[in-house]
Amino acid sequence: MDYPFNSIEKKWQKYWQEQQTFAAQDQSDDPKFYVLDMFPYPSGAGLHVGHPLGYIASDIYSRYKRHKGFNVLHPMGYDSFGLPAEQYAIQTGQHPKITTETNIATYRRQLDQIGFSFDWQRAVQTSDPSYYKWTQWIFIQLFNSWYNTKTDQAEDIQSLIHLFETEGNIDVNAHSDSTIEFSAEKWKSMSEMKQSEILMDYRIAYLANSFVNWCPALGTVLANDEIKEGVSERGGHPVERKKMRQWSMRISAYADRLLKGLETIEWSDALKEIQRNWIGKSEGASIRFKSTSSENEIEVFTTRPDTIFGVSFMVLAPEHELVEVLTTEAQKEEVAAYVKYAASRSERERMTEVKKVSGAFTGAYVLHPFSGESLPVWIGDYVLAGYGTGAVMAVPSGDQRDWDFAQHFSLPIPAVIEGQDVSQGADGRYEGRLCNSDFLDGLTVKVAIIKAIESIEKKGIGNGKVNYRMRDAVFSRQRYWGEPIPIYYKNDIPKALPIEALPLSLPEIDKYLPTEDGEPPLARAKEWNYGGNPIETSTMPGWAGSSWYFFRYMDQMRKDGMANKKSLNYWQNVDIYFGGAEHATGHLLYARFWTKFLNDRGYVKVDEPFKRLINQGMILASDGQKMSKRYGNVVNPDDIVAQYGADTLRLFEMFLGPLEQSKPWDTDSIEGVHRFLRKLWRLYHNAENNIDIVDAEGSKEELKVLHQCIKKVTEDIERISFNTAVSAFMICVNRLTELKCNKRSVLEPLSILIAPFAPHIAEELWLNMGHTHSICKVPYPMYEKKFLVEDAHKYPVSFNGKVRFTLDLPNEMDKKALEEAVLCSNEAKKWLGGKTPKKVIVVPQRIINVVL
RNA sequence: GCGGAUGUGGUGAAAUUGGUAGACACGCUAGACUUAGGAUCUAGUGCUUCACGGCGUGUGGGUUCGAGUCCCUCCAUCCGCACCA
């Protein structure tokens with residue numbers, strides 16, 4: 001006798017589809033609950049058994065919440081722009097749209113047969129013009145916004161223009177790259193071009209010349225998070241630093257809010273820590289050092305302003321703009337050679353040769369602001385152009401890198417903290433008192449930092465400052481298969497397209513390659529202009545579409561906005577988000593950034609997109625490697641479903657271990673899970689495979705078993721511990737089988753209990769028990785304490801902490817009586833050995849410990 | 001180097017608040033039924049000992065009547081960041 005999973009599963013999948021069982025209600029009196037999975041990129045390889053892991057977990061949670069009376073939004077869609085489809089297009093000439101559609105069809109078929117409760121009506125695809133119209137619209141909002149540091153939020157660029165027109169920019173508090181100051185009169189007298197350039201320094205989506213990560217093999221620039229260990233994350237190609245005019249996102253304006261927001265959301269500590277490190281906040285001071293020979297100043301950032309008297313030289317990054325200005329005639333040749341050498345080194349080399357000290361003396365000197373000493377200015381590539389100001393005040397006594405540099409070039413290493421030994425290396429201690437430091441002498445480090453900043457500010461040579469590691473994100477990609485950036489150039493001035501011109505659809509082109517002049521593929525399009533003005537030819541990066549898709553699901557058909565206000569206010573944000581930790585510094589950061597921006601501009605109600613986040617681990621191949629077509633170790637879920645059914649696959653993936661842990665795929669125990677489902681089936685059916693239950697009250701023991709299971713499973717679902725929930729079902733079914741239980745009052749609640757995990761078999765059992773409607777929205781059984789209380793407890797009795805025997809004792813006994821009962825028992829005599837116990841610890845309902 | 005996570009049987013793992021370590025499952029051993037079984041059922045299964053018992057949660061220490069759980073030390077593995085001033 002077997003349970004016919006094949007026909008059952010197909011039947012119910014069809015039923016759910018026809019009945020739209022999982023359609024979320026746009027309006028409802030029920031409380032809302034939003035369960036989301038990370039958007040998949042539909043690759044040509046299809047799903048492997050690792051993909052459904054998170055989807056199964058989120059599906060269990062969604063189905064559970066429906067039983068609990070929530071109006072659940074559980075959508076799925078596709079992050080369908082991306083490199084693989086484009087690369088395939090380059091090789092074969094097939095339009096990426098076609099490849100993408102084929103792949104999506106495969107994904108859909110594979111997902112469907114696992115029985116997920118997605119509301120497919122709401123599906124979105126980022127490459128669909130009706131979707132990317134609003135990605136482009138958001139880009140335009142970003143372009144038309146600036147960051148007001150006074151109100152600490154993004155505002156309409158018009159309010160900034162108004163400020164410029166009335167008072168210039170001197171008193172404007174903005175997150176900006178602007179270094180020039182102007183009055184209202186000056187602003188009004190500027191050309192449109194000049195004004196446009198200035199506004200670019202304020203816009204949140206802006207065009208600027210910046211050092212970018214250029215990947216020649218991919219023919220595009222990459223964001224920092226797309227580079228791992230100095231090579232491109234995709235393909236592992238070398239990356240160069242190159243100065244290019246690119247669209248960027250002023251995410252740095254949000255650094256502090258992105259950091260603070262982490263305290264308000266339920267994410268794993270590991271993930272929060274990754275984001276914290278990425279944002280990289282450090283507090284210190286900004287200090288300017290005057291050149292001895294010109295009006296130039298070198299600005300540095302330091303976290304240890306207390307060690308200002310330990311500065312014995314300055315170091316500039318080779319790319320620093322003052323290098324050329326400051327270098328003396330005598331040193332020109334040497335410095336030029338070094339700059340050339342530094343530029344020739346790839347990021348990779350620079351990273352692997354960290355220990356190798358190199359640099360050159362510029363011949364220039366700056367004045368120490370307090371001692372008036374002359375400090376030589378060097379250049380060295382251990383100083384990064386991209387961090388802080390691209391220059392450091394070298395304190396070799398406290399910083400190992402400075403120490404190495406000083407040692408190598410025989411520069412002085414003055415100690416400034418009492419007891420510091422700098423003969424073998426730097427001593428960056430944070431405790432102790434300052435010495436050789438003039439007015440800081442005798443102060444502790446902590447006090448000296450405050451005092452030093454005070455003095456620096458008083459002298460007008462700098463100020464206390466918070467610095468962030470996170471840079472603005474480069475947004476342009478020189479690719480075809482992405483959202484076109486909705487900008488056109490009128491007389492070389494970038495302007496946003498009007499909303500009527502959206503979506504700016506991808507043009508058809510003859511080849512998906514850059515032009516002969518090295519222009520991006522879109523430059524091949526013949527009619528790529530707006531009213532005769534050229535349109536931007538770069539496209540958006542992969543993370544654009546995925547930075548707001550969770551809002552689109554709330555109202556995916558909307559033609560006059562990203563989603564209507566009512567839906568956005570009702571669904572608000574994602575209650576629980578399932579996905580991998582690999583998106584920590586990419587998608588998860590950008591989505592938070594865009595949400596905060598949309599919130600600032602009043603388009604959405606929430607400040608954080610994902611309230612709770614669960615990182616499912618990876619399923620590795622049985623050889624311990626990642627599952628990949630490349631290694632030929634991919635296990636396809638289709639095969640498992642065909643052999644054992646979807647319910648078995650679902651239970652098995654959950655039973656494998658804790659969701660958040662990575663684990664190898666090991667099918668050895670799949671039989672056990674399948675056996676369990678058959679045992680469950682047999683509990684409801686007789687030997688002839690006919691339903692066999694009676695309308696009777698469960699016995700005391702049966703109800704106890706059931707309610708233990710209800711309690712355990714409910715708690716386990718809430719804390720996303722699905723492996724232990726599956727064991728609880730096994731224990732329950734084993735016990736009920738032993739008890740030969742076939743009572744409706746026990747088996748009906750059990751079928752509801754297991755429905756989120758094994759929905760197909762649960763529906764079938766429910767139907768066979770005589771119900772005419774789907775089990776999916778039947779209220780979840782409630783655990784009742786009264787079924788679990790017992791008259792007696794089986795006490796483990798230990799002597800000096802070692803358990804020797806157990807003793808059944810009634811619950812109404814008090815501590816004293818329990819103690820006496822134990823000491824009088826026959827077993828106790830043996831262990832007491834005639835001695836009188838020093839102490840007896842009695843913990844009612846738990847243990848008894850006799851101390852001898 | 002810095003930060004995070006994890007170390008429990010032959011295997012995947014459980015132990016949610018400090019209270020019978022190894023639930024549940026795989027595997028293995030023996031048996032039953034059977035023409036047969038990769039079906040089903042029963043019993044056993046941490047290590048060690050003939051046994052009483054002893055020992056057991058990466059290492060070493062500590063707190064406690066009692067520690068997988070709390071504190072300190074060290075080790076290993078995995079992940080993230082990595083010249084971040």
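Throughout, protein chains are lettered first and strands after them, A, B, ... in sequence-line order, and every chain is numbered starting at 1.
Remark: side-chain polar atoms of Asn615(A) are not paired, donor with acceptor, to backbone N or O of Phe578(A) under 3.5 angstrom. Side chain of Tyr783(A) to main chain of Lys712(A): no donor-acceptor pair is present (N/O by atom type, distance under 3.5 Å, no hydrogens or angles). A donor-acceptor pair under 3.5 Å is formed between the side chain of Lys272(A) and the backbone N or O of Leu262(A).
G46(B) and C41(B) have their C1' atoms separated by 26 Å, given to the nearest Å. For G9(B) and C26(B), the C1' atoms lie 13 Å apart once the distance is rounded to whole Å.
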Show me the protein contacts with nucleotides 49-51 of chain B, counting only N or O atoms at under 3.5 Å.
none

Considering only nitrogen or oxygen atoms on both sides, find all protein atoms under 3.5 Å from nucleotides 27-29 of chain B and state each distance.
none

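For residues 838-852 of chain A, every residue pair satisfying the side-chain hydrogen bond (donor to acceptor under 3.5 Å, both in side chains) rule, not counting sequence neighbours, is listed here: Ser798(A)-Asn849(A), Asn811(A)-Gln845(A). Screening residues 649-667 of chain A for side-chain hydrogen bond (donor to acceptor under 3.5 Å, both in side chains) gives Asp59(A)-Arg650(A) as the qualifying pairs, with residues at least two apart or on separate chains.
A heavy-atom distance below 4.0 Å to RNA chain B is reached by these residues of residues 801-810 of chain A, ordered by number: Lys802(A), Val803(A), Arg804(A). For residues 388-403 of chain A, proximity to RNA chain B is found at Val392(A), Arg401(A), defined as any non-hydrogen atom under 4.0 angstrom from a strand atom.
When distances are taken from the side chain of Lys839(A) to each of C65(B), A39(B), C84(B), the shortest belongs to C65(B).
In terms of the ring pair (Phe, Tyr, Trp, His ring centres under 6.0 Å) criterion, Phe655(A) has no residue partners (sequence neighbours excluded). Checked against ring pair (Phe, Tyr, Trp, His ring centres under 6.0 Å), Tyr468(A) has no partners two or more places apart in sequence or in another chain. The ring pair (Phe, Tyr, Trp, His ring centres under 6.0 Å) test applied to Tyr254(A) returns Tyr147(A), Phe593(A), not counting sequence neighbours. Scored by the ring pair (Phe, Tyr, Trp, His ring centres under 6.0 Å) test, Phe5(A) finds Tyr3(A), His674(A) as partners (sequence neighbours excluded).
Between Lys816(A) and Glu820(A), none of the side-chain N atoms (NZ, or NE/NH1/NH2) sits under 4.0 Å from a carboxylate O, so this pair counts as no salt bridge.
With hydrogens and angles left out, the side chain of Asn277(A) and the base of C81(B) share no donor-acceptor pair within 3.5 Å.
When heavy atoms are screened at a 4.0 angstrom cut-off, Val851(A) is found touching the sugar-phosphate backbone but no base atom. When heavy atoms are screened at a 4.0 angstrom cut-off, Val383(A) is found touching base atoms of the nucleic acid.
Look at NZ on Lys281(A): it is 14 Å from P on A85(B), rounded to the nearest Å. The distance from atom CZ of Arg276(A) to atom C1' of C84(B) is 18 Å, rounded to the nearest whole Å. In this structure, Ile848(A) atom CD1 and G66(B) atom P are separated by 17 Å, rounded to whole Å.
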Original post:
Just the dot-bracket of RNA chain B, please: which string comes out with Watson-Crick or G-U pairs under 3.5 Å, [ ] for crossing, | for another strand?
Top reply: (((((((..(((......[....)))((((((.......))))))(((....)))..(.(((..]....))).))))))))....
Original post:
With the sugar-phosphate defined as primed atoms, P, OP1 and OP2, and the base as all remaining atoms, what B/S/- string results for nucleotides 12-17 of chain B, 5' to 3', for protein heavy atoms under 4.0 Å?
Top reply: BSSSB-
